[in-house]
Amino acid sequence: HEGFLFRKLDIETLKKSTNSRSWVNLYCVLNKGEMGFYKDAKNTATTYNGEPLLNLSDCHCDVTNGYKKKKNVFTLKTKDGSEFLFHAKDEEDLKVWVTNITGS
Ligand code: I3P
């Protein structure tokens with residue numbers, strides 16, 4: 001599965017990166033239990049900011065998180081402690097992403 005999602009970094013992830021907490025629209029690609037982030041759909045040779053692929057084994061998605069400013073936001077916590085917020089375009093899109101992330 002792949003497509004655009006708005007992503008915001010959460011505290012733990014922020015410590016390890018130079019990114020701000022702003023929402024960034026990224027092209028996200030799920031493949032073999034890993035998630036890659038790219039600036040656009042056409043160039044998936046280089047990841048956004050050179051970020052390593054995210055290992056999704058033992059990750060956890062939460063759709064009933066406390067984030068209330070936008071609808072269709074889910075959180076993703078990975079085994080290594082990274083935490084992200086993702087903003088999907090609608091409820092269906094959110095469901096598809098969560099199903100694919102937790103099932104991969
Ligand atoms: C962030 C930006 C985000 C905002 C975040 C800010 O500022 O305004 O949109 O998240 O708030 O820190 P910057 O661009 O300077 O990094 P929300 O849209 O969720 O409010 P936060 O720090 O409370 O996550």
Side-chain angles (χ1 to χ4, degrees):
H1 188 67
E2 54 189 76
F4 281 97
L5 282 172
F6 281 90
R7 186 189 79 172
K8 190 172 99 162
L9 299 176
D10 227 320
I11 310 291
E12 286 308 306
T13 311
L14 199 59
K15 284 180 196 158
K16 296 177 224 159
S17 80
T18 54
N19 290 292
S20 75
R21 288 177 58 87
S22 309
W23 289 97
V24 192
N25 196 199
L26 295 172
Y27 192 71
C28 308
V29 178
L30 290 181
N31 187 233
K32 295 176 183 156
E34 292 183 314
M35 192 171 188
F37 301 104
Y38 308 91
K39 273 188 90 169
D40 60 66
K42 288 180 198 111
N43 186 3
T44 52
T46 320
T47 60
Y48 173 72
N49 279 349
E51 292 180 6
L53 296 178
L54 200 62
N55 183 345
L56 296 177
S57 58
D58 301 320
C59 72
H60 185 74
C61 281
D62 183 11
V63 297
T64 60
N65 58 79
Y67 192 82
K68 296 280 179 274
K69 287 185 215 171
K70 298 177 198 294
K71 280 185 175 180
N72 306 315
V73 168
F74 65 94
T75 56
L76 168 65
K77 291 184 195 188
T78 64
K79 183 170 63 173
D80 71 359
S82 297
E83 215 173 318
F84 301 88
L85 273 82
F86 289 106
H87 181 208
K89 65 175 182 292
D90 54 32
E91 205 180 327
E92 180 58 29
D93 190 38
L94 180 145
K95 278 185 198 162
V96 171
W97 275 108
V98 170
T99 303
N100 280 283
I101 288 171
T102 51
S104 60

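Whatever order the structure lists ligands and atoms in, that order sets their numbers, starting from 1.
- From the protein, the heavy atom lying nearest to atom 9 (O) of ligand 1 is W23 CD1, 3.7 Å.
- Between F4 and D40, the closest heavy-atom pair is CZ-CA, 4.2 Å.
- Between the side chain of H60 and the backbone N or O of T102 there is no donor-acceptor pair closer than 3.5 Å.
- Distance from atom 19 (O) of ligand 1 to its nearest protein heavy atom, with residue and atom name: Y67 OH, 2.4 Å.
- The residue among K8, K70, K69 with a heavy atom at the shortest distance from atom 20 (O) of ligand 1 is K69.
- Nearest to atom 7 (O) of ligand 1 among the protein's heavy atoms is S22 OG, 4.1 Å.
- Smallest separation of non-hydrogen atoms from Y38 and T46: CD2-O, 3.3 Å.
- Taking each of K68, H87, R21 in turn, the one with a heavy atom nearest to atom 22 (O) of ligand 1 proves to be R21.
- The shortest heavy-atom contact between L53 and T47 is CD2-CG2, 4.3 Å.
- Taking CH2 of W23 as the start and CZ of R7 as the end, the distance is 10.5 Å to the nearest 0.5 Å.
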